[in-house]
Amino acid sequence: MSEVRTRFAPSPTGYPHIGGMRTAFYAWLLAKHYNGKFLLRIEDTDQERLVRGAIKQIVEGLAWFGVIPDEAPSNKELSEIGESWDGAPDIGGQYGPYIQSLRLPRYKEVAQQLIDSGHAYRCDCTPEMLERERNEQMARKELPGYSGYCRTRNVSAEKPHVVRFKMPAKVSLVLQDAVRGRVAWDNIPLRDSVLLKSDGFPTYHLAVVVDDHDMKISHVLRGEEWLPTTPLHLLLYEALQWEKPIFAHLPQVLGPDGKKLSKRHGATAYDAFRDDGYLPEALFNFVVLIGWSPGEGEEQEVFKIEEICRRFTLEHVNKAGGVFDYNKLAWMNGVYIRSLQPDDFVARVTPFLEKAGLKVDPQRFGAIAPHVQERIKLLTEAAPMVEFLFVDKIERDMQQMFKKDIDRAKARQILTLSLERLTKLEAFEIAPIEGVLRPLAEELGLKVGPMFGVLRIAVTGKTITPPLFESFAALGREKTLSRIEETVKLLE
RNA sequence: GGCCCCAUCGUCUAGCGGUCUAGGACGCUGGCCUCUCACGCCGGAAACAGGGGUUCGAGUCCCCUUGGGGUCACCA
């Protein structure tokens with residue numbers, strides 16, 4: 001097989017969406033699997049919907065997941081359109097520019113070629129005319145679209161115009177799609193689509209065909225929403241007498257309601273996931289598994305990225321859309337968090353603690369971190385669990401101490417005696433702490449559960465914390481004792 | 001509405017005619033472990049949308065119905 005070359009070709013019209021990211025992952029995985037090349041191309045042909053900074057977000061978003069294109073817009077290209085930024089990776093490549101607004105002459109050239117060969121024509125119909133035409137067609141319940149009025153009018157190139165494709169009257173086509181198999185259009189009517197807009201920019205249809213051809217793309221991976229316009233693209237390849245790439249129309253990522261995943265489903269931008277405390281490797285693993293599985297009876301679901309790379313082929317890409325299950329993602333994120341090296345976990349979670357307003361003491365946190373690591377699914381969940389270590393004053397809801405076996409007097413007794421025994425400890429460490437507290441429970445005829453509950457609230461203010469002795473040891477003698485003392489006073 | 005795509009537990013999926021009394025995972029749930037919460041372990045409920053064919057034999061192939069989705073711009 002000749003070299004596999006795939007591309008991710010987003011239009012910079014907004015934030016990078018997780019569904020779109022998956023398309024990039026698949027394209028990247030396919031290229032890597034076959035030792036090919038993965039490129040990033042910016043499709044900025046809609047000047048009205050451009051969003052400044054979107055390209056940066058796309059590039060950085062991919063990088064966050066470890067997806068680095070082999071070919072992509074160079075810094076020079078970026079600055080030509082005023083979208084460069086500090087620290088932008090200067091990638092480039094021999095098939096550039098990789099930004100469509102920088103390739104306008106090429107599209108014009110191909111459009112002219114199509115006019116010359118009789119496959120396209122200039123059209124100067126006004127939007128008003130088109131609008132009226134469309135309304136009439138709708139009223140007659142016809143297929144809405146351009147009638148072909150200018151086909152034979154030979155509109156001058158001097159006048160403002162668009163270039164339209166001369167669509168055959170009835171079209172029958174067959175596509176061998178790499179994920180869907182045979183897709184056929186049998187004698188369908190199609191209208192003359194615009195190829196080149198009046199502002200000199202190409203439409204998606206022209207640009208994508210020209211660039212995929214020029215950049216020697218071997219596999220076109222895109223969402224299945226593109227399937228209905230594929231006949232146009234196929235016809236374009238034929239009119240140009242270009243070899244077609246392999247098409248793979250990917251199933252969509254759906255929201256919980258079964259509709260295409262979008263903003264209204266909540267967090268879908270990659271940076272929202274990042275801020276919510278998801279690990280990129282977990283998100284990547286999870287998202288790839290919507291619409292692809294290793295097959296072959298494999299029952300494992302958590303894979304290293306290299307492993308996914310090794311096993312990824314189009315054969316096991318599903319046809320049906322898949323719902324994005326936040327629940328399962330959270331579970332998987334927890335699995336990834338637990339598998340982190342302890343110091344790596346500390347490094348990743350510390351920014352989240354700081355963002356929660358905690359002044360983190362590395363010493364104290366390091367002691368308790370492994371216990372936190374095992375208890376959270378999102379990095380954002382760590383802060384409330386260790387807050388007691390890093391604040392001066394804690395809030396306590398005393399009512400939570402009182403259970404069936406424990407009233408106010410009992411709580412005081414527990415705290416007073418604990419304080420007494422703990423104070424006598426030579427080394428304020430985990431084992432010695434346990435050594436005095438457990439016997440005390442027995443002495444008082446209490447189960448450790450309820451008794452430790454009282455101490456937990458007294459010292460941490462929470463009902464959910466890392467293990468008690470470990471928490472005390474991490475907090476240190478002074479603070480632990482003073483908080484117990486404080487609570488005793490509060491109970492009076 | 002036209003065209004196109006899709007259809008296995010609530011969700012992600014395995015299954016490529018017999019090994020399926022349909023497997024795994026999330027979630028849910030019963031239990032064990034246990035200082036709270038988690039983790040871990042053991043168990044449970046839960047699916048081939050319906051109807052026709054083809055075949056000795058259909059979750060697996062074909063057709064229809066139903067249901068869902070996408071798309072019909074000088075947006076991608």
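So you know, we letter chains A, B, ... as the sequences are listed, proteins then strands, and number each from 1.
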Original post:
Which listed nucleotide (B/rG15, B/rC35, B/rC39) is nearest to the side chain of A/His316?
Top reply: B/rG15
Original post:
Heavy atoms under 4.0 Å, any strand shown: does A/Trp226 hit a base, just sugar-phosphate, or nothing?
Top reply: base
**OP:** Indicate, with a heavy-atom threshold strictly under 4.0 Å, whether A/Glu48 touches base, sugar-phosphate, or nothing.
**Re:** nothing
Subject >> Protein-nucleotide distance (A/Arg311, atom CZ; B/rA14, atom P), rounded to Å >> reply: 13 Å
Original post:
For the side chain of A/Arg375, counting heavy atoms from C-beta on, which of B/rC75, B/rC37, B/rU71 is nearest?
Top reply: B/rC37
Original post:
Taking the side chain of A/Arg456 as heavy atoms from C-beta outward, which of B/rU71, B/rC74, B/rC35 is closest to it?
Top reply: B/rC35
**OP:** Check whether any side-chain heavy atom of A/Lys56 sits under 4.5 Å from a side-chain heavy atom of A/Pro12, and report yes or no.
**Re:** no
**OP:** Decide whether A/Asn285 and A/Tyr336 meet the rule of one side-chain donor and one side-chain acceptor closer than 3.5 Å.
**Re:** yes
Subject >> A/Asp192: which of A/Arg151, A/Arg122, A/Lys166 passes salt bridge (Lys or Arg N to Asp or Glu O under 4.0 Å) >> reply: A/Arg151
Original post:
Taking the side chain of A/Glu299 as its heavy atoms from C-beta onward, which of B/rG24, B/rU36, B/rC74 lies nearest to it?
Top reply: B/rG24
**OP:** Report which part of the nucleic acid A/Val162 touches: base, sugar-phosphate, or nothing (heavy-atom distance under 4.0 Å, all strands).
**Re:** base
**OP:** Look at all strands and tell whether A/Thr45 reaches a base, only sugar-phosphate, or nothing, counting heavy atoms closer than 4.0 Å.
**Re:** sugar-phosphate
**OP:** Name the orientation class of the two ring planes belonging to A/His205 and A/Trp226 (parallel below 30°, tilted from 30 to 60°, perpendicular beyond 60°).
**Re:** perpendicular
**OP:** Answer yes or no: does a side-chain N or O of A/Lys259 lie under 4.0 Å from OP1 or OP2 of B/rG70?
**Re:** no
**OP:** Looking at every strand, decide which applies to A/Lys260 at a 4.0 Å heavy-atom threshold: base, sugar-phosphate, or nothing.
**Re:** sugar-phosphate
Subject >> Which nucleotide in B/rA73, B/rG27, B/rC75 has an atom nearest any side-chain atom of A/Arg134 >> reply: B/rA73
**OP:** Write down the distance separating the P atoms in B/rG51 and B/rC9, rounded off to the nearest Å.
**Re:** 16 Å
**OP:** Could you please name the option among B/rC5, B/rG70, B/rC26 that lies closest to any side-chain atom of A/Trp331?
**Re:** B/rC26
Subject >> Pairwise 5' ranking along RNA chain B for A/Cys123 and A/Asp186, keeping only the more 5' one >> reply: A/Asp186
Original post:
What nucleic acid atoms does A/Ala184 come within less than 4.0 Å of, heavy atoms only: base, sugar-phosphate, or nothing?
Top reply: sugar-phosphate
Subject >> Shortest side-chain distance from A/Ser293, nucleotide among B/rC35, B/rC4, B/rU13 >> reply: B/rU13
**OP:** Test A/Cys123 against every option in A/His161, A/Arg153, A/Arg164 by the side-chain contact (heavy atoms from CB on, under 4.5 Å) rule and name the one that passes.
**Re:** A/Arg164
Original post:
Where the side chain of A/Phe469 is defined as all heavy atoms beyond and including C-beta, which of B/rC35, B/rU71, B/rA76 is the nearest nucleotide?
Top reply: B/rC35
Original post:
Base, sugar-phosphate, or nothing for A/Val183, non-hydrogen atoms under 4.0 angstrom?
Top reply: sugar-phosphate
**OP:** Please state whether the rings of A/Tyr26 and A/Phe312 are parallel, tilted or perpendicular, taking 30° and 60° as the class boundaries.
**Re:** tilted
Original post:
Side-chain donor-acceptor pair under 3.5 Å between A/Asn154 and A/Tyr121, yes or no?
Top reply: no
**OP:** Treat primed atoms plus P, OP1 and OP2 as sugar-phosphate and everything else as base, then score nucleotides 6-12 of chain B 5' to 3': B for base contact with protein heavy atoms under 4.0 Å, S for sugar-phosphate contact only, - for none.
**Re:** SS---SB
**OP:** Using a 4.0 Å heavy-atom cut-off across all strands, classify A/Glu470 as base, sugar-phosphate, or nothing.
**Re:** base
